[in-house]
Amino acid sequence: MQLEILNLTKLYDQKRGLQPTSFAIKKGELIAVVGHNGAGKSTLLKMLANWILPDRGQVTIDGIDLKNRTAVVKKVGFVPEVPNLFDFFSVEYNLKLFAFLFQTPFLRVDEILQEFNLLAFRKNKIQELSKGLKQRVNIGRALLADPPVLLFDEPTSALDFEMTKEFYRLLHTIHEAGKTILFTSHRPEEIKSLATRIMVLHKGSLVFDGSPQKYFQSEVHENLYA
Amino acid sequence: MMIRNILALAFNDLAVALKNKTIYLILFIPLFVFVSLKLLDRTDVDIHKIRIGLLQHYAYAPQILGSVKAAEKIIEVTWVQNEEEGTRLLQEKKIDGVLLRNEKEPGSLALLVLKKESLPTLAIVESFSALQKAAEGISTSWITDIKPLHEGGIQRQTLPTWILMLVLLVGFIILPAQVAEEKEKKLLLALLQTPIREMQWLIAKVIMGMVLTMMAVLFLHLLGRFTVVNLFDYIAFIFAGSFCFSAYGVFLGFLCRNQASARTLGVLFYLPHLLPSALSEFSQKLTVVAPLMPSYQFYEPLKAILLEDGRAANMSFELVYLFFVGLFTFYLSSLLMKRRWLM
């Protein structure tokens, strides 16, 4: 197993957050984490990304404990809902800064710029870019260190139809490159077309974990979108 | 409809100001000024006696000695062997001035003081002028010359205050806002997704604050063409002060969720650190309160080095104090950072 999660817990108060949750993920899975707002989806992803510290529980990624942050960050790339880039600096500067911190050769920045069709925008400041382009830079940054696991928090929530389609293509490409992906979503069509496995969180608890076929036949889906 | 919208928006703005603590400034600044003025203008404050040094082997005019003796409630006399001893006592701040023979104008006196433009000098001149009027009723002054130990004019006298303002500006206004911005925009979390250590980020922030401070101080010296006699002592204190207040500023940034809060908190710390130190000369009460502030432990040595040719070797307590405050706030920041405080 690439990701092993045991009794991972984070409670903001007794109602919100993530109740003790355990599951495992195999390499190459594309998992959609589904649930209402406040179900604990983002909390789960943010804990795996080291943004939030868990109250309890253990997580290992490729055998490395999540607490070993400086080692585990090379294994996990996190793309938050709102791009968190240095707005006043160029696309290239942002990527080079993070490449430097990851101790990745700058050649990788050129690869990312090419791979994500960002070459024409390399000198543009982040604040001049559209949401879709910012998201592309954000994803490119997450891939700088070539991590085997990628986490996307509500990746299409701020994107229009065209940008969303473009993101799906991008996600397919990344998945085909052998990455393990977890993404949170509200959109059934997104889940159906992308995921190889679906996890449903409700009020902080994992209430469903299975294939998309099972999910769309189950009561969970009906109840969730009733 | 339009007025309703405007009112709704105004209430919303007030709510935002309350939420991001900007409103606290509205309450804090008048309160702070009120307390400071109370400390400055209290009528029951004991009048500080003028401590004057007189030469043992100089024959002062009898009316001068008589007037000084008659005014023993406001003038305290210290007899000194010679001008050298008077100078030493002045530098040790045991007396406020020494009355010497004025070589240029026989029969009159020269007043030796630390600074020409200072409250003690003004108090001595005014007191002796009043005594003379009472004794002789004529306007020719007993004191016809003032010899300051430290030259440099009013610009140089105010230099320590400007330096203090610069250091506090970087520490309490610039740095907290920058740290809070990185938290607010989740840039810090983005950086923590690389293999950098928390400590590295903190050190980088403190170094940035120190570099900004030193650049500002250097720029001020170049513009004003201010020279420093004890340069290494001066650099040591600028280094210690910039470290202390940069670490302090980073810590304040960690206490805030966003830039607006950080700016408010910065001002809340900036004023109390600036005013008691800068105004301590004007108030005995503030002189009692000011040493509790780290800024005073920076300002006093700075003043001594810049204006009185003081040496850092005599101010090791202040130096250690500044480093201690810096290290302590740095440690607190690292704890908050590890706990992802308000991120």
Side-chain angles (χ1 to χ4, degrees), chain A residues 10 12 42-43 45-55 61 64 66-89 93-104 126-127 134 137-145 147 149-151 153, chain B residues 16 19-20 170 173-209 211-212 250-251 253-263 330-343:
Chain A
K10 177 75 191 181
Y12 298 108
S42 292
T43 303
L45 259 61
K46 283 175 181 172
M47 276 195 282
L48 298 179
N50 248 304
W51 275 35
I52 298 173
L53 302 183
D55 295 337
I61 301 169
I64 301 169
L66 190 70
K67 286 173 191 152
N68 186 358
R69 186 185 60 80
T70 52
V72 97
V73 287
K74 291 176 184 167
K75 298 283 177 189
V76 181
F78 178 51
V79 182
E81 187 177 354
V82 180
N84 53 346
L85 298 154
F86 288 91
D87 285 347
F88 296 115
F89 298 117
Y93 174 90
N94 270 276
L95 293 176
K96 280 192 171 171
L97 171 71
F98 283 89
F100 180 80
L101 297 174
F102 272 118
Q103 296 170 351
T104 304
I126 297 294
Q127 61 191 8
K134 278 184 193 171
V137 180
N138 224 18
I139 297 169
R141 183 185 62 189
L143 284 167
L144 273 173
V149 179
L150 276 171
L151 312 170
D153 190 14
Chain B
V16 170
K19 197 77 186 156
N20 65 26
V170 173
I173 306 293
I174 296 175
L175 275 174
Q178 194 170 357
V179 171
E181 185 187 10
E182 285 198 24
K183 285 171 69 182
E184 188 180 3
K185 294 182 175 174
K186 310 289 180 202
L187 293 166
L188 175 53
L189 286 168
L191 291 170
L192 288 176
Q193 278 204 264
T194 68
I196 65 158
R197 296 194 177 278
E198 279 94 347
M199 201 57 84
Q200 292 170 342
W201 184 89
L202 276 174
I203 292 169
K205 273 281 168 289
V206 173
I207 287 175
M208 197 263 301
V211 169
L212 285 180
V250 172
F251 169 64
F254 265 100
L255 297 178
C256 305
R257 197 183 289 276
N258 54 46
Q259 283 186 79
S261 306
R263 269 194 293 272
F330 187 88
Y331 170 71
L332 291 177
S333 300
S334 72
L335 286 183
L336 294 179
M337 195 173 180
K338 278 185 183 145
R339 295 187 62 168
R340 305 284 188 271
W341 187 262
L342 298 180
M343 283 193 201

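The basis for the numbers below is simple: all heavy atoms, side chains too, and nothing from hydrogens, waters or symmetry mates. Throughout, a chain's letter reflects where its sequence line sits, starting with A, and its residues are numbered from 1.
- A:Val76 touches chain B through its backbone: at least one of N, CA, C or O sits under 4.5 Å from a heavy atom, while the side chain does not.
- Of the candidates A:Leu144, A:Val73, A:Leu101, A:Leu101 is the only one forming a side chain to side chain contact (heavy atoms under 4.5 Å, CB included) with B:Thr194.
- Looking at residues two or more places apart in sequence or on another chain, you find no ring-ring contact (aromatic ring centres under 6.0 Å, His included) involving B:Tyr331.
- Looking only at side-chain heavy atoms (C-beta outward), B:Glu198 and A:Arg69 come within less than 4.5 Å of each other.
- With a 4.5 Å cut-off on side-chain heavy atoms, B:Lys185 and A:Phe86 do not count as touching.
- Rounding to the nearest 0.5 angstrom, the gap separating the CD atom in B:Gln193 from the CG atom in A:Asn84 is 7.5 Å.
- Proximity of a side-chain donor or acceptor of B:Arg340 to a complementary backbone N or O of A:Leu53 within less than 3.5 Å is not detected.
- With a 4.5 Å cut-off on non-hydrogen atoms, B:Arg197 touches chain A through its backbone and its side chain both.
- A distance of 10.5 Å separates CD1 of B:Ile196 from OG1 of A:Thr70, quoted to the nearest 0.5 Å.
- Here the shortest heavy-atom pairing between B:Ala190 and A:Phe98 reads O-CE2, 3.5 Å.
- Residues that satisfy the ring-ring contact (aromatic ring centres under 6.0 Å, His included) test with A:Tyr93, not counting sequence neighbours, are A:Phe89.
- Of the two parts of B:Leu191, the backbone and the side chain both hold a non-hydrogen atom closer than 4.5 Å to a non-hydrogen atom of chain A.
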